[in-house]
Amino acid sequence: MAGRAIRTAPLALAAIGLIGLVGYWGAGAATARDPEPAADDTAAPSSAAPMRQQTRFAHGGAMTQGGFIRGRVPEGTVAAELGGQTLDLAPDGTFFAAFDRDSPGELALTATLEGGRTLSETLSVSPREWQIERVNVARRTGGSSEAWWAKREPEWLAIKAARERETGADGWRQDFICPVKGRISGRFGRQRIYAGEPGSYHSGLDIAPGNGVPFVAPADGVVVLARNGFSLEGNLIIIDHGHGLNSAFLHASRIVVEEGQAVRQGQHIGDVGASGRATGPHLHWSLMWNDARLDPLLFVGPMN
């Protein structure tokens with residue numbers, strides 16, 4: 001994919017089922033699981049009824065703003081796009097794609113086949129009702145001094161480079177688990193409007209289980225950033241899950257993994273804290289696919 005700093009050979013294929021949307025929670029949240037495969041795409045061949053080619057997209061997931069899909073392209077596909085963004089295709093034709101918090105209501109999913117013919121499908125992306133707070137005060141613009149940016153710029157560049165790395169990880173195939181259970185102290189997408197001027201929306205999920213509580217990797221991946229003392233994020237971990245999908249974990253009190261380390265789903269990677277710009281101990285977990293920001297609750301379902 002264009003813009004990636006590192007490209008590696010694909011990993012050995014892992015079994016994958018096409019997932020379907022099984023339910024909503026809150027404002028459009030859903031947990032995706034594997035449905036039964038379509039008979040016309042996956043039935044075993046026989047002398048009486050030879051297997052038919054898959055001539056359409058097959059996919060499922062949380063088809064809403066901040067959500068995602070996993071699927072398989074039609075047979076013979078050499079390239080595919082979602083809304084103009086090139087998709088990474090696994091050797092078995094499977095892919096991951098996602099929808100930004102402010103995604104438009106329709107996006108084209110397009111496959112280019114051998115010989116140049118194209119197949120296209122329009123995806124309907126349902127809107128969300130975000131938690132919006134309107135305050136009648138001017139928005140503050142602190143933190144923009146040259147001295148502050150001199151410290152911040154190297155941190156920002158390190159984060160940008162880490163998110164662009166392609167490690168060959170295949171955690172994108174998995175059903176994600178929550179990195180830690182606890183009180184939700186901040187929801188994805190909430191936003192303040194200052195005297196009519198929108199502020200930045202909350203880009204992740206805040207979970208407050210208590211200071212020092214261990215948190216784990218929500219899916220397999222490779223640690224592409226593990227640094228202490230960032231101005232805003234504090235002690236920060238970023239994990240690449242492959243195919244453009246990555247997780248970031250902010251404000252840790254302790255990091256127990258290293259950059260370049262492969263981690264497995266459920267593996268201890270750090271402890272909850274209040275480092276950086278935080279008002280109290282909590283884990284800020286954010287998910288991104290390329291430049292799209294995603295709602296972690298759509299990957300794991302409600303906090304039980």
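- Every residue two or more places apart in sequence or in another chain was checked for a salt bridge (charged side-chain N to carboxylate O under 4.0 Å, His left out) with Glu121, and none qualifies.
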Show the atom names and distances, to 0.1 Å, of all donor-acceptor pairs under 3.5 Å that link a side chain in residues 204-213 to residues at least two apart or in another chain.
residue : atom : partner : partner atom : Å
Asp206  : OD1  : His202  : NE2          : 3.4
Asp206  : OD1  : His284  : ND1          : 2.9
Asp206  : OD2  : His202  : NE2          : 3.1

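- Among residues two or more places apart in sequence or in another chain, the side-chain hydrogen bond (donor to acceptor under 3.5 Å, both in side chains) test is passed with Lys160 by Glu164.
- Side-chain N or O atoms of Ser231 include none that pairs as donor or acceptor with a backbone N or O of Arg152 at under 3.5 Å.
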Take Leu109 and Leu87 through the side chain to side chain contact (heavy atoms under 4.5 Å, CB included) test and state the conclusion after the steps. CA-CA 10 Å; Leu109 182 61; Leu87 301 181; 3.9 Å; yes
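- For His251 (side chain) and Ser253 (main-chain N/O), no donor-acceptor pair under 3.5 Å exists by modelled atom type.
- Remark: Gln174 pairs with Ala219, Asp220, Gln265 by the side-chain contact (heavy atoms from CB on, under 4.5 Å) rule, at least two apart or across chains.
- Atom CZ of Arg134 sits in a sparse spot, with 12 or fewer heavy atoms from other residues, nucleotides or ligands closer than 6.0 Å.
- Side chain of Gln65 to main chain of Pro127: no donor-acceptor pair is present (N/O by atom type, distance under 3.5 Å, no hydrogens or angles).
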Side chain to side chain contact (heavy atoms under 4.5 Å, CB included) between Arg70 and Thr94, worked out: CA-CA 7 Å; Arg70 295 189 188 98; Thr94 52; over 6 Å; no
Set out, in order, the CA-CA distance, both residues' side-chain angles and the distance that settles ring-ring contact (aromatic ring centres under 6.0 Å, His included) for Phe176 and His241, then state yes or no. CA-CA 11 Å; Phe176 278 45; His241 302 296; 5.0 Å; yes
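- Phe230 belongs to a hydrophobic cluster whose remaining members, ordered by chain and number, are Ile159, Val224, Leu225, Leu236, Ile238, Leu250; membership requires side-chain heavy atoms of ILVMFWY residues under 4.5 Å apart, directly or through intermediates.
- For residues 105-132, the ring pair (Phe, Tyr, Trp, His ring centres under 6.0 Å) pairs, not counting sequence neighbours, are Trp130-Phe188.
- Put simply, the side chain of Asp100 gets close to the backbone of Asp102: a donor and an acceptor are under 3.5 Å apart.
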